[in-house]
J.: 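Here it is: the structure, laid out below.
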Protein chains: 2
Amino acid sequence: MDQLRALRYFSKVVETGSFTRAAEAFSVPPSSLSRRIADLEKSLGANLLKRSTRVVQVTEIGQVYYRQVQGILFQLEQSDETVRSYQANPTGQLRISSLAGFGERLLLPLLNEFKVLYPDIILDVNLSDELSTLGSDDVDVAIRGGYAPNEWVQAVRLMNNEFIPVAAPEYLKKMGTPKNAFELRQHKGLYFRTPAGPNPWLCEIEGEWHDVSAPAVAVSNSSKWLGEQAVAGLGIMMAPRWSLADYLDSGELEQLFFDPALSVSQNPDMAIYLLYQKQRYLVPKVKAVVDFLVARIKNV
Amino acid sequence: MDQLRALRYFSKVVETGSFTRAAEAFSVPPSSLSRRIADLEKSLGANLLKRSTRVVQVTEIGQVYYRQVQGILFQLEQSDETVRSYQANPTGQLRISSLAGFGERLLLPLLNEFKVLYPDIILDVNLSDELSTLGSDDVDVAIRGGYAPNEWVQAVRLMNNEFIPVAAPEYLKKMGTPKNAFELRQHKGLYFRTPAGPNPWLCEIEGEWHDVSAPAVAVSNSSKWLGEQAVAGLGIMMAPRWSLADYLDSGELEQLFFDPALSVSQNPDMAIYLLYQKQRYLVPKVKAVVDFLVARIKNV
DNA sequence: TACATTATTGTCTAAACGACAATAATGTAC
DNA sequence: GTACATTATTGTCGTTTAGACAATAATGTA
């Protein structure tokens with residue numbers, strides 16, 4: 001029995017909820033699926049599906065099996081791709097996920113260059129601050145703040161992600177420049193909302209962490225819009241240094257200095273990481289984009 | 001093409017280094033393996049093996065593929081077993097790995113009861129302090145000190161693993177009973193060697209950790225032998241409380257008290273954990289032993 | 001250089017899978 | 001409550017694919 005074929009049939013039936021629709025996907029008659037899945041059930045000694053002529057239900061054990069089989073089929077596909085693309089030119093679809101702000105400002109311009117170097121790679125870029133589940137599916141490389149989630153994932157530190165406090169000169173003229181961290185609480189705050197909630201303003205004084213956040217006048221997950229609010233003099237904002245270069249150069253925003261410095265997390269190792277599955281580095285398209293991004297971003 | 005069959009053939013050839021020996025394992029002629037593997041290579045567009053009539057070598061990409069295929073075949077086997085044994089009586093081989101000391105003292109007596117309850121389960125017990133790689137292979141449940149290695153593994157806290165300092169009454173009469181931790185450095189130490197090295201004696205004073213280990217007179221990975229050395233009055237030993245019950249009851253060894261207390265690790269969460277793969281709890285034999293051990297050890 | 005061992009190839013047979021038609025079952029609409 | 005349309009299953013046949021066995025070619029060793 002070709003179990004792999006049976007597993008693919010079974011998976012598709014679970015997904016479509018129908019033998020006929022699943023059969024269309026494989027361009028074979030439904031009778032083939034019926035036979036193969038029946039064989040599979042016989043060899044496992046359990047019913048995976050509860051059939052009637054109108055609906056197909058997945059049994060409890062069928063659902064368990066389906067979830068595990070999904071992972072197995074996915075892994076096999078990836079392994080096959082690794083071998084197939086071995087010592088070939090970088091080709092195919094490459095799915096990249098990135099932090100939204102970083103993506104807009106730094107990644108997309110770089111990818112335009114990348115596209116010229118590797119015209120056979122079809123890019124699929126997803127900008128979002130949500131954590132994509134690297135490894136289980138859907139993404140070849142991801143750019144994230146934070147740290148490696150597990151041992152299968154390689155994390156390359158691309159650059160610092162130091163958050164610095166800034167405000168418009170007019171705002172500081174009007175409200176005064178805060179001399180120490182605790183004065184911030186008398187100011188107005190513009191906050192970046194991460195999936196984990198708005199970023200607080202933290203300060204470590206004598207080994208103890210203090211939240212010195214000012215009352216919020218605006219919270220958003222759009223760093224572009226927040227920047228405009230800050231330029232308009234609505235309040236103080238903490239944002240990654242790399243996202244503020246234009247504003248600081250033009251003088252539209254000024255950096256505020258505190259001693260000790262402010263941060264948005266107790267973790268000192270905040271940085272931008274490039275994540276990919278170790279074993280997938282053998283796939284030329286993955287190797288190409290990793291090498292390219294590391295060379296262009298890290299070594300500056 | 002039945003890729004799964006081809007993968008099994010390929011794996012066995014890699015392992016045996018020979019088409020003939022691999023063919024024997026499947027009771028088919030070598031020509032079958034030759035044809036299936038050739039098909040596989042053709043479909044992947046890469047050479048996995050470098051053949052001559054005398055030796056079979058695995059190519060670079062073949063080794064990569066082999067490692068990944070290994071995991072896939074193993075996972076599929078486990079998933080199949082989950083389904084096959086679903087709603088059946090606990091049967092089959094059950095592989096248990098345990099810390100050596102804990103295994104001898106507590107686990108083996110319990111397993112004798114377990115064998116009576118589940119006569120169809122064939123136990124395969126491995127006592128060792130080496131870390132077995134749960135998940136990738138070879139073990140159904142493991143008992144370890146420490147913490148859950150990753151998200152696939154369920155860790156159930158079985159009992160405390162507090163290390164306490166003890167010595168023989170004669171030793172203390174001769175050498176004096178240390179009044180505070182730092183006096184220990186003038187004593188003699190018996191050390192348990194873990195795979196990570198001998199366990200130091202640590203003490204946290206005013207937020208700072210101090211190593212107060214005494215010079216070693218003996219180091220061993222045999223807790224039994226170390227215990228005998230301690231009884232013989234050769235020095236002070238730190239060992240898990242559960243392993244010392246007999247000695248303390250009989251008065252052969254006395255507990256030493258310090259304020260603050262001594263420990264062997266900066267991690268306060270030292271405990272004995274029962275580890276198993278989450279999804280394998282569905283396999284009756286695994287569920288049986290997990291439920292049994294948790295009930296008999298945890299709820300005391 | 002001869003030999004034994006080993007992988008491959010050719011040919012036949014058996015098993016497995018797909019195609020197509022016919023049948024049985026069931027949810028829905030009236 | 002009944003008729004109908006949709007859908008999964010089953011029977012039969014043809015095609016594809018894998019295994020058995022013998023013959024061949026290749027290669028490391030003695």
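Numbered from 1 within each chain, the chains take letters A, B, ... in sequence-line order.
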J.: Report yes if a side-chain nitrogen or oxygen of B/Thr20 is closer than 4.0 Å to either non-bridging phosphate oxygen (OP1 or OP2) of C/dT5; otherwise report no.
T.: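 Answer no for this pair, as no side-chain N or O of B/Thr20 is under 4.0 Å from OP1 or OP2.
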J.: Among side-chain atoms of B/Thr20 and B/Ser18, is any donor-acceptor pair under 3.5 angstrom?
T.: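 A pair is found: one side chain offers a donor N or O, the other an acceptor, under 3.5 Å apart.
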J.: Would a 4.5 Å heavy-atom cut-off, applied to side chains only, mark A/Ile96 and A/Leu107 as touching?
T.: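 Heavy-atom side-chain distance check passes, below 4.5 Å.
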J.: Over how many whole Å does the gap from A/Arg8 atom CZ to C/dG18 atom C1' extend?
T.: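 Going from A/Arg8 (CZ) to C/dG18 (C1'), I get 17 Å.
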J.: Within the structure shown, what part of the strands sits under 4.0 Å from B/Val55 by heavy-atom distance: base, sugar-phosphate, or nothing?
T.: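 No contact at all - B/Val55 keeps every heavy atom at 4.0 Å or more from the nucleic acid.
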J.: Can you measure A/Phe19 atom CZ to D/dT10 atom C1' for me and round it to whole angstrom units?
T.: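 Distance check: A/Phe19 CZ to D/dT10 C1' gives 14 Å.
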J.: In terms of heavy-atom contacts, does CD of A/Glu60 have more than 12 from other residues, nucleotides or ligands at under 6.0 Å?
T.: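 At most 12 heavy atoms, drawn from other residues, nucleotides or ligands, come within 6.0 Å of this atom.
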J.: Would you say that A/Leu4 contacts B/Leu7 through its side chain, given a criterion of any heavy-atom pair below 4.5 Å between the two side chains?
T.: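 Answer no - side chains too far apart.
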J.: What distance do A/Arg280 atom CZ and A/Ser85 atom OG have between them, rounded to the nearest 0.5 Å?
T.: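 If I round to the nearest 0.5 Å, the distance is 7.5 Å.
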J.: How would nucleotides 14-26 of chain D be written as a contact map, 5' to 3', with B for base contact, S for sugar-phosphate-only contact and - for no contact, using protein heavy atoms under 4.0 Å?
T.: ----SSBB----B
J.: Grab the NZ-C1' distance between A/Lys50 and C/dT26 for me, whole Å please.
T.: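 Rounded to whole Å, this separation is 13 Å.
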J.: Tell me whether the rings of B/Tyr65 and B/Phe10 are parallel (<30°), tilted (30 to 60°) or perpendicular (>60°).
T.: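 Tilted, since the angle between the ring planes falls between 30° and 60°.
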J.: Inspect the contact between A/Lys42 and A/Asp39 and indicate whether a charged nitrogen and a carboxylate oxygen are less than 4.0 angstrom apart.
T.: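 No salt bridge links A/Asp39 with A/Lys42.
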J.: Quick one: A/Arg51 CZ to D/dT6 C1', roughly how many Å, whole number?
T.: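 Atom-to-atom, A/Arg51 to D/dT6, this comes out as 17 Å.
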J.: Looking at five pairs on each end of the helix from C/dT1-D/dA30 to C/dC30-D/dG1, what is the angle between the two axes, given to 10 degrees?
T.: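 Taking the rotation axis at each end, their angle is 40°.
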J.: Salt bridge check, B/Arg8 against B/Glu77: does any charged N sit closer than 4.0 Å to a carboxylate O?
T.: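 So B/Glu77 does not pair with B/Arg8 through a salt bridge.
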J.: Take the protein atom CD of B/Gln57 and the nucleotide atom C1' of C/dA7, then report the distance between them rounded to whole Å.
T.: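 B/Gln57 atom CD is separated from C/dA7 atom C1' by 15 Å.
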